[in-house]
K.L.:
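Shown below is the structure under consideration.
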Amino acid sequence: MYITAIILAAGKGLRLKSKISKPLIKIDFKPLIVYSLEILNNHPLIKDIIVVINNSNAAGIKQIKQKYKIEKIKAFVLGGQQRKGSVYNGLIAVHSKSDFVLVHDSARPFINSKCISKVIAHAKITGAAILGVPVKATIKEVHSPLPIVHGGFIVKKTLDRSNLWEIQTPQVFRKDLILKAYKKFGNQEATDDAFLVEKSGAKVRVVMGSYDNIKITTQEDLVLAGVIVKNSKIKSQNCNSKFKS
Ligand code: CTP
Ligand code: MG
């Protein structure tokens with residue numbers, strides 16, 4: 001079984017409002033992207049890694065391979081304007097012998113090995129599996145009344161939380177499935193890869209992830225990331241729950 005990991009690091013990080021490219025920002029003295037690269041590099045099921053970068057962070061990210069001994073990095077490829085373009089550029093660089101592809105956002109530094117093993121195991125059964133966690137908050141669908149009045153959103157409906165999961169990466173797919181999905185539906189708006197695979201009719205399995213697996217998007221996420229690193233000795237109790245199909 002040949003599994004290639006694609007790590008996405010070609011975003012602009014606009015919401016973070018930082019001069020340093022997001023994947024290179026240090027959390028506890030280590031660049032953010034290195035956290036997930038180390039976990040993937042040490043995972044026995046991952047054969048090689050493709051890192052998708054952009055022109056402004058290419059030099060900095062390329063140094064990481066040697067500095068942190070991430071031997072499994074096979075290639076650095078340039079990303080696209082949107083995330084899906086970056087994934088596609090990664091996909092076409094995947095080795096012809098790869099059977100499965102694991103796609104991961106470098107913006108999520110705190111993946112753990114157990115969750116990776118679990119999502120891979122489920123993808124082997126269905127062809128597509130993604131990590132997620134049940135939503136804790138109450139979620140309401142809203143709309144803006146017309147004419148738009150100051151601060152005005154009106155509740156349209158309250159969603160049934162028991163069926164809502166917040167989806168994370170890594171997401172793992174049989175290579176032929178994700179390639180087919182990207183070729184057929186790649187022009188559609190998508191904030192994750194599973195959406196395109198879902199559109200092509202495949203069953204995507206949702207596997208219990210970890211609430212620690214946060215995405216660094218805005219400055220306050222960096223504060224939280226620092227706390228997670230400091231408390232990393234406290235073992236996460238997640239990844240033991242049953243998957244939801
Ligand atoms: N990404 C990418 N190529 C893009 C856009 C995003 O590789 N054209 C990657 C980012 O590097 C990140 C992941 O996709 O690891 C998730 O994206 P997001 O959290 O939105 O990061 P950015 O796009 O960098 O941030 P922003 O949307 O605030 O500009
Ligand atoms: Mg983005």
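Start at 1 and go down the list; that is how both ligands and their atoms are numbered.
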K.L.:
Give the C-alpha distance, both sets of side-chain angles, the deciding distance and a yes or no for side-chain hydrogen bond (donor to acceptor under 3.5 Å, both in side chains) between Thr126 and Lys203.
P.N.:
CA-CA 7 Å; Thr126 58; Lys203 267 215 163 79; over 6 Å; no

K.L.:
Taking non-hydrogen atoms within less than 4.0 Å of ligand 1, which protein residues qualify?
P.N.:
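Ligand 1 pocket, heavy atoms under 4.0 Å: Leu8, Ala9, Ala10, Gly11, Lys12, Gly13, Leu14, Arg15, Lys22, Gly80, Gln81, Gln82, Arg83, Ser86, Asp105, Ser106, Ala107, Lys215.
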
K.L.:
Would you tabulate the side-chain donor-acceptor contacts of residues 173-187 under 3.5 Å, counting partners in other chains and residues two or more places apart, or write 'none'?
P.N.:
| from | atom 1 | to | atom 2 | distance (Å) |
| --- | --- | --- | --- | --- |
| Arg174 | NE | Asp176 | OD1 | 2.9 |
| Arg174 | NH2 | Asp176 | OD2 | 2.9 |
| Lys175 | NZ | His95 | O | 3.2 |
| Lys175 | NZ | Ser96 | O | 3.0 |
| Lys175 | NZ | Ser98 | O | 3.1 |
| Tyr182 | OH | Asp193 | OD1 | 2.5 |

K.L.:
Would you say the side chain of Tyr35 lies within less than 4.5 Å of the side chain of Phe110, judging by non-hydrogen atoms?
P.N.:
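Yes, their side chains come closer than 4.5 Å.
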
K.L.:
Apply side-chain hydrogen bond (donor to acceptor under 3.5 Å, both in side chains) to Tyr68 and list each qualifying residue two or more places apart in sequence or on a separate chain.
P.N.:
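If we apply the side-chain hydrogen bond (donor to acceptor under 3.5 Å, both in side chains) test to Tyr68, skipping adjacent residues, there are no hits.
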
K.L.:
Let me have the donor-acceptor pairs involving side chains of residues 21-31, under 3.5 Å, with sequence neighbours excluded, atom names and distances please.
P.N.:
| from | atom 1 | to | atom 2 | distance (Å) |
| --- | --- | --- | --- | --- |
| Ser21 | OG | Asn57 | ND2 | 3.1 |
| Lys22 | NZ | Ile216 | O | 2.8 |
| Lys30 | NZ | Glu38 | OE1 | 2.7 |

K.L.:
Please answer whether the main-chain N or O of Ile39 pairs with a side-chain N or O of Asn42 as donor and acceptor at a distance below 3.5 Å.
P.N.:
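Not at all, since once roles are kept as given, no pair shorter than 3.5 Å links the two residues.
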
